[in-house]
Amino acid sequence: MNIAQNLNKIKESIPANVELIAVSKTKPVSDILEAYNSGQKAFGENKVQELVKKQAQLPNEIEWHMIGHIQRNKVKYIAPFVHLIHGVDSLKTLSEINKQASKFNRVINCLLQIKIASEQTKFGLSFIEAQEIISSEGIKHLKNIRILGLMGMASFTNDSEVIKTEFERLYNYFIESKKLSCENYNPIILSMGMSGDYKLAIEKGSNMIRVGSAIFGERNYT
Ligand SMILES: *Cc1c(COP(=O)(O)O)cnc(C)c1O
């Protein structure tokens with residue numbers, strides 16, 4: 001398993017406008033360094049504790065993406081450095097991110113997570129709920145956040161037609177959301193696609209993919 005080779009193969013196969021986030025969850029810092037030394041700058045983690053620990057040990061030039069669901073009481077730990085928070089699904093969480101960002105004089109970039117999969121367990125908003133958040137009175141006061149677009153995960157299935165339909169739906173929401181006018185909503189990022197489905201996601205309009213196992217190998221959860 002060669003991390004640099006895997007990265008290059010993926011980068012060569014995706015259009016230049018698509019940003020690759022290397023999902024390093026459960027993987028050691030040595031793997032991250034190997035990817036970093038081959039030119040990868042953006043990494044994604046889904047647990048706050050793990051993210052904070054790794055950030056402290058690795059170069060400051062790394063852009064850290066929080067891709068998992070974030071609990072409000074943990075926002076403070078990543079607020080000093082996080083580059084983009086993908087999995088935001090409430091106005092309350094946005095307010096907390098705003099509060100913590102202001103303490104560090106930062107504007108923190110966020111994406112709203114939209115539920116497109118049919119599974120019950122996935123986090124996320126309906127598109128109607130997302131529109132309500134973006135159009136709300138409350139969001140106008142949050143000067144230390146900027147919502148840069150939408151994120152979603154397709155159903156866990158081998159049926160590529162189902163996956164395509166879900167990605168297409170999210171793309172349509174993304175386009176539709178551009179009509180909403182709000183100072184801190186600037187929809188330029190559509191984060192969809194993982195190791196198994198990033199090609200379909202790009203076909204359907206994704207411009208940010210979150211890829212883990214295809215770069216670092218299968219994860220061992222022990
Ligand atoms: C783990 C994870 C990924 C990457 O998954 P792979 O299948 O290993 O590419 C992408 N997005 C989220 C939100 C994840 O939790």
Side-chain angles (χ1 to χ4, degrees), residues 1-11 13-14 18-29 31-32 34-35 40-54 62-71 74-75 78 82-90 93 109-125 130 148-160 162-164 166-167 170-171 174 189-222:
M1 183 59 60
N2 185 318
I3 292 169
Q5 276 173 7
N6 292 342
L7 266 170
N8 281 336
K9 216 159 42 180
I10 296 168
K11 280 184 190 159
S13 75
I14 64 178
V18 176
E19 191 181 353
L20 170 63
I21 312 303
V23 176
S24 48
K25 63 190 186 195
T26 80
K27 298 295 177 180
V29 294
D31 282 8
I32 301 175
E34 193 174 334
Q40 179 66 25
K41 292 286 177 291
F43 292 85
E45 291 281 338
N46 71 338
K47 293 209 166 68
V48 166
Q49 205 180 357
E50 189 176 344
L51 174 52
V52 169
K53 206 172 147 199
K54 286 174 173 172
I62 288 180
E63 281 180 8
W64 290 102
H65 292 242
M66 176 60 194
I67 61 170
H69 186 257
I70 181 143
Q71 288 167 279
K74 293 191 176 161
V75 170
I78 60 170
V82 71
H83 182 75
L84 179 64
I85 303 179
H86 291 232
V88 182
D89 66 358
S90 75
T93 301
N109 298 322
C110 304
L111 303 177
L112 294 179
Q113 183 170 354
I114 307 291
K115 189 177 142 79
I116 49 169
S118 49
E119 288 125 52
Q120 286 294 317
T121 53
K122 296 254 162 82
F123 290 104
L125 299 157
L148 291 182
L150 306 178
M151 177 267 208
M153 277 191 276
S155 292
F156 187 71
T157 172
N158 289 323
D159 188 339
S160 59
V162 169
I163 297 172
K164 277 190 203 170
E166 291 173 356
F167 283 155
L170 186 55
Y171 176 76
F174 178 62
I189 295 175
L190 180 56
S191 167
M192 61 181 194
M194 321 194 338
S195 291
D197 57 21
Y198 70 86
K199 288 181 182 128
L200 295 178
I202 293 169
E203 230 176 84
K204 294 299 173 187
S206 169
N207 61 16
M208 184 173 278
I209 57 174
R210 310 174 309 270
V211 178
S213 44
I215 298 170
F216 297 106
E218 292 301 321
R219 286 177 293 274
N220 267 326
Y221 291 101
T222 47

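Both ligands and their constituent atoms are indexed starting at 1 by order of listing.
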message: With the threshold set at under 4.0 angstrom, would you say R219 reaches ligand 1 through any of its heavy atoms?
response: yes
field: Taking atom 2 (C) of ligand 1 as the reference point, the nearest protein heavy atom with its distance
entry: K25 NZ, 2.5 Å
query: Considering distance alone, does some N or O of G212 sit under 3.5 Å from an N or O of ligand 1?
result: yes
statement: Closest to atom 13 (C) of ligand 1 among protein heavy atoms sits I67 O, 3.5 Å
message: With side chain to side chain donor-acceptor pair (under 3.5 Å) as the test, pick out the partner of E50 among K47, K53, K54.
response: K54
- prompt: Could you walk me through whether M208 and M151 pass the side-chain contact (heavy atoms from CB on, under 4.5 Å) check?
  reply: CA-CA 9 Å; M208 184 173 278; M151 177 267 208; over 6 Å; no
field: A42 backbone acceptor or donor facing Q40 side chain under 3.5 Å
entry: yes
Nearest non-hydrogen protein atom, atom 6 (P) of ligand 1: S195 OG, 3.5 Å
message: Show me which atoms of ligand 1 lie under 4.0 Å from any heavy atom of R210.
response: 4 (C), 9 (O), 10 (C), 11 (N), 12 (C), 13 (C)
task: Return yes when atom OH of Y198 has more than 12 non-hydrogen atoms of other residues, nucleotides or ligands closer than 6.0 Å, and no otherwise.
output: yes
- request: Have a look at ligand 1 and work out which part of H86, if any, has a heavy atom under 4.0 Å from it: side chain, backbone, both or neither.
  value: neither
task: Please say whether more than 12 non-hydrogen atoms of neighbouring residues, nucleotides or ligands are located less than 6.0 Å from CG in D159.
output: yes
- request: Go through ligand 1 atom by atom and flag the ones less than 4.0 Å from a non-hydrogen atom of V211.
  value: 9 (O)
query: How about K9: does its NZ atom have over 12 heavy atoms from other parts shown lying under 6.0 Å from it?
result: no
